Structures are given as structure tokens and as C-alpha cells.
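One structure is given here, and the rest of the page talks about it.
All chains are named by letter (A, B, ...) in the order of the sequence lines, taking the proteins before the strands, and each is independently numbered beginning at 1. None of the values given here were measured: they were computed from a predicted structure.
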There are 2 protein chains.
Amino acid sequence: MKKAEATRMTILQKAFELIYVKGYQATSVDDIIATTQVTKGAFYYHFKTKDEMGIAIINEILKPTLTNSFIQPLQNEQNPLDGIYNLMYDLLMKNEFLKVEYGCPASNFTQEMTPWNADFNKVLNELTQQWTEVMTATIEKGKKNGFIRKDVNAKQVTMFIMSGYWGIRNFGKLENSKKVYLSYLKQLKNYLNSLK
Amino acid sequence: MKKAEATRMTILQKAFELIYVKGYQATSVDDIIATTQVTKGAFYYHFKTKDEMGIAIINEILKPTLTNSFIQPLQNEQNPLDGIYNLMYDLLMKNEFLKVEYGCPASNFTQEMTPWNADFNKVLNELTQQWTEVMTATIEKGKKNGFIRKDVNAKQVTMFIMSGYWGIRNFGKLENSKKVYLSYLKQLKNYLNSLK
DNA sequence: TTGCAAAAGTACCAAACAGTATCTTTATGA
DNA sequence: TCATAAAGATACTGTTTGGTACTTTTGCAA
């Protein structure tokens with residue numbers, strides 16, 4: 001039961017990489033088995049359909065990864081405004097798992113799958129929910145600790161920041177340059193300061 | 001020479017609608033000719049390839065439409081901050097051409113095509129450039145007229161606002177509700193006020 | 001009216017697609 | 001060690017894909 005689990009993870013890992021680069025629909029099962037060196041029999045032993053694998057990627061690759069890169073950094077810092085800024089800075093400028101030319105995996109999945117696939121919509125919603133809740137909680141904590149004005153609406157601010165993040169990731173794809181990230185970060189800092 | 005131009009436009013119009021809903025790659029040429037009632041011979045008489053049609057959609061449908069909905073409203077208003085806010089409000093809440101569940105066509109195209117298709121990248125860049133330049137110019141004018149602080153970086157602000165717009169369009173797809181738009185608009189107003 | 005190119009219609013192709021049927025190998029628990 | 005189920009390999013299927021070859025109809029200038 002050890003090797004089987006390994007091949008399953010290989011499929012998810014490699015398939016994720018292909019999908020991150022080319023998109024879900026443009027990545028065929030044949031592509032995946034070609035780059036993983038896993039045969040079709042093995043693939044369809046582990047996953048009933050391509051979509052089941054897609055859902056598994058979100059649940060087993062994206063969710064844990066996001067938990068590490070998004071949620072933990074936020075919970076560590078005491079000043080939530082610094083925490084949010086540093087998180088964004090690290091995500092955009094330092095993270096080597098995410099490439100500027102390929103955007104944000106969660107955002108890509110959302111844009112591609114959401115309007116016509118209810119299963120994907122559901123898990124992507126859970127994924128986003130997770131992130132939203134933690135950032136909202138961070139802001140609320142900041143209000144109590146005096147770092148943020150009391151009249152600030154935490155949910156609204158969270159949506160605003162996350163939107164900017166998804167959007168600038170898309171602009172990064174278009175320009176294929178991290179320059180646009182710097183513009184976003186500068187203005188994010190201004191915006192965050194206005195919440196003090 | 002009149003009827004031919006009409007069928008060409010029918011193809012572009014209907015194909016755009018399909019692509020806006022399903023995405024470019026998920027929309028097949030057979031889909032397009034089925035819904036347009038145009039035969040394959042006619043389709044490939046007007047367009048050498050599917051991609052040539054895709055580029056034509058951006059140039060002949062998206063560009064003129066965006067010129068009307070984005071650029072003109074900005075140039076009319078005298079206070080640029082009001083102009084930008086009203087523009088965003090109209091785009092998100094009133095525009096009946098854009099549907100919350102399908103996001104922003106330009107953003108969708110960018111996310112889907114940009115990393116691996118240089119031709120699409122080029123025209124999408126031009127499209128975005130057009131919008132960026134006008135908004136930047138609006139802000140610069142606002143600085144001269146005293147509506148906006150002199151130390152504000154117009155390009156940065158433009159990128160920040162556009163990112164938020166693209167991002168919130170994506171969140172709208174995910175939640176399938178205009179509620180998230182209201183959060184964005186509220187915080188956009190706060191942000192814009194911080195530029196005074 | 002007729003000649004001829006523009007425009008549209010029809011039938012087909014090879015490649016790629018997701019998925020299946022069937023067989024063989026590998027691992028593991030009794 | 002050996003029976004059995006888990007895991008993987010191979011070859012195939014029916015369908016859809018973008019595109020082509022060829023034919024037919026339409027519109028317009030002379």
C-alpha cells in the first residue's frame with residue numbers, strides 16, 4: 001500500500017504542474033501519463049475520471065499548500081497590517097512555487113471551471129473560504145489590539161485585498177514581468193495604512 | 001459585399017458569446033457553426049483558423065466595446081475619483097452585457113491564452129494598454145486640477161484599481177453573486193478617498 | 001444575359017480526446 | 001509459500017477536434 005500511494009501522488013503532482021502551465025482542459029490525460037511515465041491502466045485505477053483527479057488536485061495539493069503559504073504566516077505576525085503586506089510580498093516576489101507567467105493556480109481554476117462545473121465550484125469555494133476566514137479573523141484581531149480602526153469592515157477589506165491579489169496575478173501573466181507586482185504592493189501598503 | 005460582412009459579424013458575435021460562457025478552448029468550431037447556422041465552408045472562408053477568429057473577436061468585438069464602456073465614461077467626468085468609481089459601479093452593477101457568473105471577457109481571455117499563445121498575448125496587451133493609458137491620463141489630469149494629491153503615482157494606482165476589478169470579477173464567478181461586488185466598491189471608495 | 005469571382009454547402013480526414021476491456025505483474029496477509 | 005487482491009500494462013473504442021477538398025449557389029459588373 002506504499003508504492004501505490006506514491007504513484008497516486010506522482011500523478012497529482014505532475015498533473016498539477018501541467019495544468020498550472022497549460023490549463024485544465026488543455027491538459028489531456030495522455031499528456032499526464034506521458035510525463036508521469038504512468039500507464040493508462042494505472043491512472044484509471046487511481047481515478048475514476050479526469051475530473052475526479054482534478055478535484056483531488058485541489059483538495060490534496062492546493063489546499064495543503066495554501067494552508068502553509070497563506071494561513072500560517074498570517075497567524076504568526078502580531079501586527080495584522082504588516083502580516084498581510086509581508087504575506088503578499090512573499091507570495092508575489094519570493095515564492096518560487098508560483099511563476100509570474102502562469103498566475104495563481106486557484107484563480108486559474110476558478111476562472112476556467114467555475115461557470116460550468118458544480119463539483120469544481122464547490123471545492124474551490126471551500127479553498128477560498130479557508131483563506132477568507134483566516135484573513136478576516138486576522139483583521140478582527142487587529143481591531144481589538146488597536147492596530148486597525150474599529151469601523152473597518154473586515155470581510156470587505158479581505159475581499160478587496162484578495163481581489164487585488166488575483167487580479168495582479170492575471171496582469172503578471174499578461175506582462176510576463178514582476179514589475180506590475182511592485183505597483184500592486186506599493187498601493188496595497190497605502191491602502192493598508194488607510195485602515196490604521 | 002454586404003451579406004458576407006453580415007455573416008462574418010454573426011460568427012464573431014455568436015462565437016464571442018459562446019466563448020464568454022464556456023471559454024475559448026472549450027468552444028469548438030462545430031459549436032460555433034451549429035449555433036450560428038453558418039456552414040463550415042462559410043466559416044473557413046471568413047477565417048483561416050480558429051485562432052484567427054479568436055484574435056478577430058478581441059480586435060473587432062472586445063476593443064470597440066471596451067472603448068465605449070470604459071474609456072468614454074472616464075473622459076466625460078471632471079472629478080476623476082468620481083469618474084473612476086462611477087465607471088466601476090456601472091460596469092459591475094448595471095452593465096447587462098457582462099454577467100456575474102461569466103466574469104470579465106478580457107480577464108478570461110488573458111488567463112486562458114496568455115502563457116502559451118503569443119498572438120493572443122499581443123492583442124490582449126494592446127487592449128489592456130488602451131484602458132491603462134486612459135485611466136492614467138485621467139488621474140494625471142486630476143492631479144493638475146487639484147482633485148488628487150500630487151505625490152500619487154498614476155500608473156501604480158491604475159494597476160491597483162484594474163487588478164481589483166479583474167479579481168472581483170473572478171470572485172463573482174466563484175460566488176455567482178453580485179454581493180462581492182458591493183464589498184469591492186465600498187473599499188474602492190475608501191481607497192480612492194485616500195488619494196485626495 | 002451571361003461570365004466569374006465571392007460566398008456558402010457538403011463530405012470527409014487524421015489526430016487527439018476521455019474512457020474501457022482485458023490481460024499481466026506485484027505485493028501482502030494467512 | 002501461495003492464493004488473492006491490488007496495481008499496472010496494453011490495446012482498443014467511439015466521439016470530437018480543427019481543418020481540407022471539392023462542389024454548388026449567389027451576387028454583381030460588363
Under the rule for ring pair (Phe, Tyr, Trp, His ring centres under 6.0 Å), what residues qualify as partners of A:Y85, not counting sequence neighbours?
none
Using a cutoff of under 3.5 Å, can you pull out all pairs of nitrogen or oxygen atoms linking the protein to nucleotides 22-26 of chain D, with atom names and distances?
none

Would you list the pairs meeting salt bridge (charged side-chain N to carboxylate O under 4.0 Å, His left out) in which at least one residue belongs to residues 123-146 of chain B, sequence neighbours left out?
B:K63-B:E126, B:K122-B:E126, B:E140-B:K143
What pairs meet the ring-ring contact (aromatic ring centres under 6.0 Å, His included) rule with one or both residues in residues 130-151 of chain A, with sequence neighbours excluded?
A:F70-A:W131, A:W131-A:Y165
To the nearest angstrom, how far is B:I19 atom CD1 from D:dG18 atom C1'?
14 Å
Side chain to side chain donor-acceptor pair (under 3.5 Å) contacts in which one or both residues fall within residues 31-41 of chain B, not counting sequence neighbours:
B:K22-B:D31, B:S28-B:D31, B:D30-B:K40
Tell me which residues in residues 28-49 of chain A lie within less than 4.0 Å of DNA chain D, going by non-hydrogen atoms.
A:T39, A:K40, A:G41, A:A42, A:Y45, A:H46
Quick one: B:K50 NZ to D:dT17 P, roughly how many Å, whole number?
9 Å
Cut-off 3.5 Å, no hydrogens considered: what does the side-chain donor-acceptor table look like for residues 93-104 of chain B, sequence neighbours left out?
residue: B:N95; atom: OD1; partner: B:F97; partner atom: N; Å: 2.7
residue: B:N95; atom: OD1; partner: B:L98; partner atom: N; Å: 3.0
residue: B:K99; atom: NZ; partner: B:E96; partner atom: O; Å: 2.9

According to ring-ring contact (aromatic ring centres under 6.0 Å, His included), does anything in residues 176-196 of chain B pair up with another residue at least two apart or in another chain? List the pairs.
A:F160-B:Y184, B:F160-B:Y191
Just to be sure I understand the geometry, which residues of residues 52-61 of chain A put a non-hydrogen atom under 4.0 Å away from DNA chain C?
none
Set of residues satisfying side chain to side chain contact (heavy atoms under 4.5 Å, CB included) with respect to B:N121, sequence neighbours excluded
A:L174, B:T114, B:N125
What verdict does the side-chain hydrogen bond (donor to acceptor under 3.5 Å, both in side chains) test give for A:T110 and B:N170, after you've listed the backbone C-alpha separation in whole Å, the side-chain angles of each residue and the deciding distance to 0.1 Å?
CA-CA 7 Å; A:T110 300; B:N170 211 16; 5.0 Å; no
Is there any salt bridge (charged side-chain N to carboxylate O under 4.0 Å, His left out) pair reaching into residues 42-61 of chain B, and which pairs are they, with sequence neighbours excluded?
B:R8-B:E60
Going by the salt bridge (charged side-chain N to carboxylate O under 4.0 Å, His left out) test, which pairs reach into residues 169-196 of chain A, not counting sequence neighbours?
none
Please determine if a side-chain N or O atom of A:T7 lies less than 4.0 Å away from the OP1 or OP2 oxygen of D:dG8.
yes
